[in-house]
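Notes follow the structure.
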Amino acid sequence: MEKVRIEFWDYMKRLKPKGMQSTVMLAFSLISLSIMLVLGIVMYVKFSDLTQQEMIQDTEKRMEQTRERLEEYLVGMRQISDAVYYNVIKENDISDPDNKIQQGMNIIYEANSSHLRSIAIYNDYGSLMAAEPVASQKEDPNVTRQSWYKKAVGEMENMHFSTPHIQNLFDDAARRYYWVISLSRMVDLTDKGVPISGVLLVDMDYSGISRMLQQINTSNNGQYYYLCDSNGQIIYHKKQMQISNGISSENNATAAGYKDGVYDETFEGEHRKLVVKTIGYTGWKLVGVIPDSTFIQDMFDIRHFIIMLILLMAMMLAVVNRVVSVRISRPILRLSDSVMEYEAGEKPEIYIGGFKEIRHLGYSIQRSYEKIDTLMQEIVLEQNERRKSELEALQSQINPHFLYNALDSITWMIEGERNEDAVFMISELAKLFRISLSKGRTVISVQDELQHARSYMNIQKIRYKQKFSVTFDIDPIVYSYCCVKLVLQPILENAINYGVNSMDDSGEIIVTGQKREEMILLSVTDNGFGMSEEEAELILTDSSRVHKHGSGVGLVNVNNRIRILFGKEYGLTVESELDEGTTVSICIPAVPYTDENCDILEKGHTFSGEEIINKEIQDR
C-alpha cells in the first residue's frame, strides 16, 4: 500500500510541472500534426504518381507522333527504292544506248530532290553502273568495304538502313559533303541481255530525321530523346558530338535491347525512366529519357500548395486544441492542486467536479487517503512487532546444553572439594546469565557483550582444563557503542569445538575490538585446523548445515540477528585457511550506547551513515 501511495504522489508531482493543459494540448497537437503530415505525404505521393503518369503519357504521345513521322520518312525511302528497282532497273537493260535507266533515275531524283541526295547502282564487283545526279565517282573508293554494301550482299532478301554518315563516293565541285542515311538492297540487273547481280543505293538527307528529333528536344527540364539502331549505335542525340568525343556518355547499348515500354534504370548515379518505341522496318529504337529531377521540378508548385494547406490547417487546429484542452484539463488541474495541498499537510477537501470520470476519481482519491492513513498506522505497528518477534525467536534458540555442562562441572568441583574453583565458576555463570537476560533488551553495550564473552570463556577454560588460552585485545573506545547481545558466544563456542578442542595445550583464541570510521569491528581468531575456502563461503549462506557440536545458534543465526537489527550491509565475514586457523569478524555500525539510541533500535529503526556521524557528534 505504501508503494502505491508513493507512486501516486510521484505521478501527481510529474503531472503538475509539465501542466495538464499543456500536456493535453500537446497531445492533441501532435495527433493533429501527425494526421496532417500523413495526409500531406499521401497527397504528395498521389500527386507525384499522377504527375509522373501524365508526364510519361505525354512523352509516349510525343514519341508516338515522332515514330509515325519517322516511319513515313522511311516508307518514302523504300518507295523511292522500289520505284527505281521495279520501274526502272527491271524494265531496262543497263547497257541500253538510250540510257533509259539513267533517264528513269533522273525523273525519280528530281521528284524527290528536296530530301534525296543520290541514287547509285553498283554491280557485284563494286563498279558504278549508274548514278543520279550525274557525277564522277572518286578514284577507287572501293565501295565493297562500305558497311551498306556488305549488308546488302550479306542479306540479299532485306533492305538495310545505315546509321548517319558522310557520303564521300562522288566528287563535288563545290566540295560539299552531306550527312546521309543510306538504304541499300541487292537487285537483279540486265547487262546486254545477261542477268547479273548488283546493289541499289539510295541516300536520303539526314537533316530530315535530325529536324524531327530536334522538334521534340525542346524541353529545358532535363528530359530528352534520342534515336539508335538495334545494335545501340546512335543515329541522333542532342549531345552526339560530346558522346563521339568521349566528353559525355549514354546508356544506348542497354536501351537498344529493350522492347517497347517504360523502364526504370540508374545511369551514372542518377535514377531515371526510359520510354522506348521501336521504329518499323528498321528495328531502330526511339528512346525518351525522364530523369527524377524532372519530376521533382514539376512537383515544386504542388509541394508549396500542400505546405500552405498544412499550415492553414495547423493554425485552425491550434485554436480548436486550445479550447478543448482547457475544458478537459481545468477540473484535473483543480484536483491536482487539492492533492498537492493534502500532501503538504493542509488536508483540504479533495476537489470533486468536472466530468463524471473526474468526479469519480476525486471520490476514489478521498476514500483512498482515508484507507491509506489507517493502513499505514497498522503496518508500522505490525512491522515493529514482527522485528521484535524475529529477534526473540532467534535469541531463544540458545541450546541449554552449555548450562547442563557448566552445572555438571560445578557439581564435580564441589564433590572434589575444589570450593574456590566452584565459587569462581558460579560467579562467572551468574555474570553470564545477568547479561544474557539484560532486562529483556536485545541491544546492549559492547562492554557488556565483551564481559559476557569473558565470563563464557572463563567457564569453558575450566571445563576444558586449560587446554587453550584466550586473549582479549580490545580498544577501550569501542566499549561505549551499541551491540546485539549474545553475538560473540556462538562464535567463541565454534572456535572451541571446531578449532582448538583437539589441540594439546597449544590452542589459542584471540578476541579483538576496534573502531574504523563509522563501524565497530569485533573479531575472533583461532589457530585451529581451519577449513577450506569453499566451506568458508558456504558457512553463512547454507542455513541447512547440521552442527554436530556447539550452541545450535550458529553463525547463520548471529548474522541474521545483526542484519535484522542494523541492516543488510552489516553482519559476519569468515576467513579461514586449512591448518592455519579461522577468523570470524563482526561488523556493526558505531551507534553510541544511550537509552535513546537503544529505544530507537529496539523499535526497528536503522541508522544511515550520516545519522551515525550526527549521533556521535551530539553524544560528544
Side-chain angles (χ1 to χ4, degrees), residues 51-81 115 147-148 151 158-165 179-184 202-244 248-268 270-295 298:
T51 301
Q52 288 189 24
Q53 291 176 10
E54 290 179 358
M55 184 174 294
I56 292 172
Q57 290 174 0
D58 180 66
T59 300
E60 288 179 327
K61 289 179 181 179
R62 299 182 68 180
M63 291 177 65
E64 185 62 31
Q65 294 173 356
T66 304
R67 178 170 70 173
E68 292 175 357
R69 294 175 61 189
L70 284 171
E71 289 179 349
E72 290 178 1
Y73 179 87
L74 296 174
V75 167
M77 291 185 67
R78 289 173 57 94
Q79 291 174 346
I80 294 173
S81 178
H115 53 272
S147 60
W148 55 266
K151 288 181 179 180
N158 296 329
M159 294 185 182
H160 304 281
F161 292 88
S162 71
T163 56
H165 62 281
W179 282 85
V180 297
I181 292 179
S182 298
L183 171 59
S184 59
V202 178
D203 287 331
M204 302 293 289
D205 193 351
Y206 169 70
S207 61
I209 292 178
S210 178
R211 282 193 299 270
M212 293 179 197
L213 292 171
Q214 286 175 358
Q215 290 174 0
I216 60 174
N217 273 295
T218 56
S219 175
N220 56 2
N221 61 359
Q223 182 180 2
Y224 63 92
Y225 305 84
Y226 69 89
L227 184 65
C228 66
D229 65 9
S230 58
N231 296 321
Q233 291 184 325
I234 291 178
I235 298 173
Y236 173 86
H237 198 291
K238 61 186 300 184
K239 296 181 179 180
Q240 195 158 350
M241 293 300 295
Q242 292 93 323
I243 293 173
S244 62
S248 183
S249 60
E250 184 57 71
N251 197 23
N252 48 294
T254 302
Y258 290 149
K259 296 181 180 179
D260 288 9
V262 181
Y263 300 89
D264 289 308
E265 73 167 16
T266 301
F267 181 66
E268 294 184 344
E270 181 183 27
H271 186 266
R272 60 188 190 174
K273 287 188 178 294
L274 294 185
V275 182
V276 180
K277 298 286 184 181
T278 303
I279 309 300
Y281 311 111
T282 62
W284 292 352
K285 303 289 183 178
L286 179 60
V287 183
V289 180
I290 311 174
D292 278 357
S293 57
T294 303
F295 298 121
D298 290 345

Between Glu270 and Ser293, is the side chain to side chain contact (heavy atoms under 4.5 Å, CB included) condition met? List the steps. CA-CA 9 Å; Glu270 181 183 27; Ser293 57; 3.9 Å; yes

Main chain of Arg62, side chain of Thr66: is a donor-acceptor contact present, judged purely on distance under 3.5 Å? yes

For Glu250, is there an ion pair with Lys285 - N to carboxylate O distance below 4.0 angstrom? no

Exercise: identify the closest heavy-atom pair between His165 and Ser182: CE1-OG, 2.9 Å

For Lys151, does its backbone N or O pair with a side-chain atom of His160 as donor and acceptor, under 3.5 Å? yes

Measure the shortest side-chain to side-chain distance between Tyr225 and Lys238 over non-hydrogen atoms and say whether it is less than 4.5 angstrom. no

Determine whether Thr282 and Asp229 make a side-chain contact, defined as any pair of heavy atoms from C-beta on separated by less than 4.5 Å. no

Locate the shortest heavy-atom distance separating Gly280 from Leu74; write the atom from each residue and the value. O-CD1, 4.0 Å

Between Arg69 and Glu72, is there a salt bridge with N-O shorter than 4.0 Å? no

Locate the shortest heavy-atom distance separating Tyr73 from Gly208; write the atom from each residue and the value. CE1-CA, 4.4 Å

If you take all heavy atoms of Ala255 and Val276, which pair is closest and at what distance? O-CG1, 4.5 Å

In chain order, what residues pass the side-chain hydrogen bond (donor to acceptor under 3.5 Å, both in side chains) check against Asn158, with sequence neighbours excluded? Glu155

Ile235 side chain near Leu213 side chain, heavy-atom distance below 4.5 Å: no

With sequence neighbours left out, the residues meeting side-chain hydrogen bond (donor to acceptor under 3.5 Å, both in side chains) with Tyr206 are none

Minimum heavy-atom distance between Phe161 and Trp284, given as atom pair plus value: CB-CZ2, 3.7 Å

Measure the shortest side-chain to side-chain distance between Val180 and Met204 over non-hydrogen atoms and say whether it is less than 4.5 angstrom. no

Quick check: does any side chain N or O of Ser162 sit under 3.5 Å from a backbone N or O of Ile181, one acting as donor and the other as acceptor? no

CA sep, side-chain torsions, deciding dist, call: Leu227, Ile279, side chain to side chain contact (heavy atoms under 4.5 Å, CB included): CA-CA 9 Å; Leu227 184 65; Ile279 309 300; 4.1 Å; yes

Taking Gln233's backbone N and O only, do any of them form a donor-acceptor pair with Asn231's side chain (distance below 3.5 Å, no angle check)? no

Please find the pair of heavy atoms, one from Asp264 and one from His271, that lie closest to each other, and give the distance. OD1-CE1, 3.7 Å

Judged by modelled atom types alone, do Ser249 and Glu268 share a side-chain donor-acceptor pair under 3.5 Å? yes

Do Arg67 and Asp260 have side-chain heavy atoms sitting under 4.5 Å apart? yes

Contact between Val275 and Val287 at the side-chain level, heavy atoms closer than 4.5 Å - yes or no? no

Sole residue of Lys61, Glu60, Glu68 in side chain to side chain contact (heavy atoms under 4.5 Å, CB included) with Glu64: Glu68

Are Ser244 and Gln240 close enough that a side-chain donor and a side-chain acceptor fall under 3.5 Å? no

Quick check: do Gln53 and Val262 have side-chain heavy atoms less than 4.5 Å from each other? no

Would you indicate whether the side-chain heavy atoms of Ile56 and Ile290 approach each other to under 4.5 Å? yes

For the pair Tyr236 and Met212, evaluate side chain to side chain contact (heavy atoms under 4.5 Å, CB included) and give the outcome as yes or no after the intermediate values. CA-CA 10 Å; Tyr236 173 86; Met212 293 179 197; over 6 Å; no

